[in-house]
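All values below come from the heavy atoms of this structure, side chains included, with hydrogens, waters and symmetry mates left out.
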Amino acid sequence: MNLIQRNVPQAAGVQVFPPVNFTLTVSALAQVLLHWKPNPNQEQKNYTIRYDVKILSPVPEEYDTKKTHSIQTAALHNGFSAHIRTLLLHNDFQMRSDWVKEKLPPPPGAPETSVTNLSCVTRITISSTVSLHCTWVPGQGAPEDTEYFLFYRYETYTEECQDYIKDKWNRNTECRFSVTHIDPEEVDNLIVIHINGSSKYAAIKPFQQLFNQNAIEKVNVPRNVTVLLEQNDLLATWEKPISPFREECFEYEFYLFNLKSGNKQILKISSNDFRLRIDVTNRYSIQIRANHHICCTRGFWSDWSEIIYVGQNKLENPVAWILAVLCVSSCCTFLLVAIKCKINHVWSKLFPPIPTPSNKFRDPFPNDYERARTCTSETETEFGSFAEDLYCSALDDSVF
């Protein structure tokens, strides 16, 4: 018995007895019911009776209550232990009993068979429902035939996963719930994830983890982003992401990239509009993303919004640039190949000259032709004139 104020006359001769029938009961996934009864020997007249509760594991916590029961939410895969004692209050003094201890042992299972690296993400859909996606890594000691099964609990609702993704050993390593019973309007409620398993060769140890529903929310992208130039000022406005929270519950990051100089800026903004003085002779790309701010626990930053370009020196269509580069490259390559082939006489080998067809008609002037071949250049000129006269005479004869 600890007497806080020993000089109080009313405390003399008073004895404080600890509670009786203290029990710990698993009432749901990762939920323990602590229950006890007042000691029947405890004197109660003119006194107020309360109870000190001390949670030792898995997470230390202390509180007091007038009730004879308490509910705790905690991961139980490593067990649970708690102490309780009676508090006797009267006017200005307080006395305490001895502690009563109780514990739950860890669930059975072989070492290193439970999952590791569990992570979960929620998203709020357009229809204001919440999706859930969890991933994990199989335990190092888990046999290859291990099959894992995931359950989530939100308040009083529990559901088993029906949509798994498997690894190369055909073990479940991901789970998706397209729709859940998670309330998107609640703030900082807990989501319980429980994963157990089975194997022919070992007992698989279960694993539990608690997540704050807002801390694992992947915030949606800001909507209807508009960017304008007003003289030398950049004006940007947007709407809050799809969410039940108010506009003032969000903060934003504004990403500004100068395409000419390569300078980058990320500015934090608490409103959904923004004005910034810029050099309008440059070209900029702009993106915005969002996160929770003051209304609840910060979640995961949203993805960046689609890129918006403003300013001068507009970049050409990248497809046109690619086509132009390919065209120039092809021409240069063809030219180089042609030059190389010319140098190595490849063309003459691939495309030999076509031989002149033989003359099957008898030459009417064989003697004159042979004589012309042996003549000097002057004689060739005369022979040419003579042959032309003969050709013309022949044409005239044929006409008549």
Between Tyr148 and Trp136, what is the ring plane arrangement, given parallel below 30°, perpendicular above 60°, and tilted in between? perpendicular

Angle between ring planes, Phe250 versus Phe245, binned at 30° and 60°: parallel, tilted or perpendicular? tilted

Does a donor on one side chain sit under 3.5 Å from an acceptor on the other, for Asn272 and Glu239? no

Taking the side chain as C-beta and beyond, is there a heavy-atom pair between Gln72 and Glu61 under 4.5 Å? yes

Would you check if there is a donor-acceptor pair between the side chains of Asp273 and Thr237 at a distance under 3.5 Å? no

Between Cys161 and Cys134, is the SG gap short of 2.5 Å? no

Tell me if the OH atom of Tyr201 is crowded by more than 12 foreign heavy atoms within 6.0 Å. no

Take atom NZ in Lys166; do more than 12 heavy atoms of anything else shown fall under 6.0 Å from it? yes

Could you walk me through whether Glu174 and His133 pass the side-chain hydrogen bond (donor to acceptor under 3.5 Å, both in side chains) test, one step at a time? CA-CA 7 Å; Glu174 291 186 43; His133 179 210; 2.9 Å; yes

Under 3.5 Å, is there a donor on one side chain and an acceptor on the other for Thr125 and Ser127? yes

Would you check if there is a donor-acceptor pair between the side chains of Gln213 and Tyr154 at a distance under 3.5 Å? yes

Below 30° counts as parallel, above 60° as perpendicular, anything between as tilted: where do the rings of Phe274 and Phe254 land? tilted

Specify whether Trp99 and His83 have parallel, tilted or perpendicular ring planes, treating 30° as the upper limit for parallel and 60° as the lower limit for perpendicular. tilted

Kindly assign one of parallel, tilted or perpendicular to the pair His69 and His35, based on the angle between their ring planes and the thresholds 30° and 60°. parallel

Value rounded to 0.5 Å, distance of CH2 in Trp301 from OH in Tyr252: 10.0 Å

Count the heavy atoms belonging to other residues, nucleotides or ligands that lie under 6.0 Å from NZ of Lys66, then report whether that count exceeds 12. no

Under a 3.5 Å cutoff, is there a donor and acceptor pairing between the side chains of Tyr51 and Ser70? no

With His292, the side-chain hydrogen bond (donor to acceptor under 3.5 Å, both in side chains) member among Arg298, Glu251, Glu217: Glu217

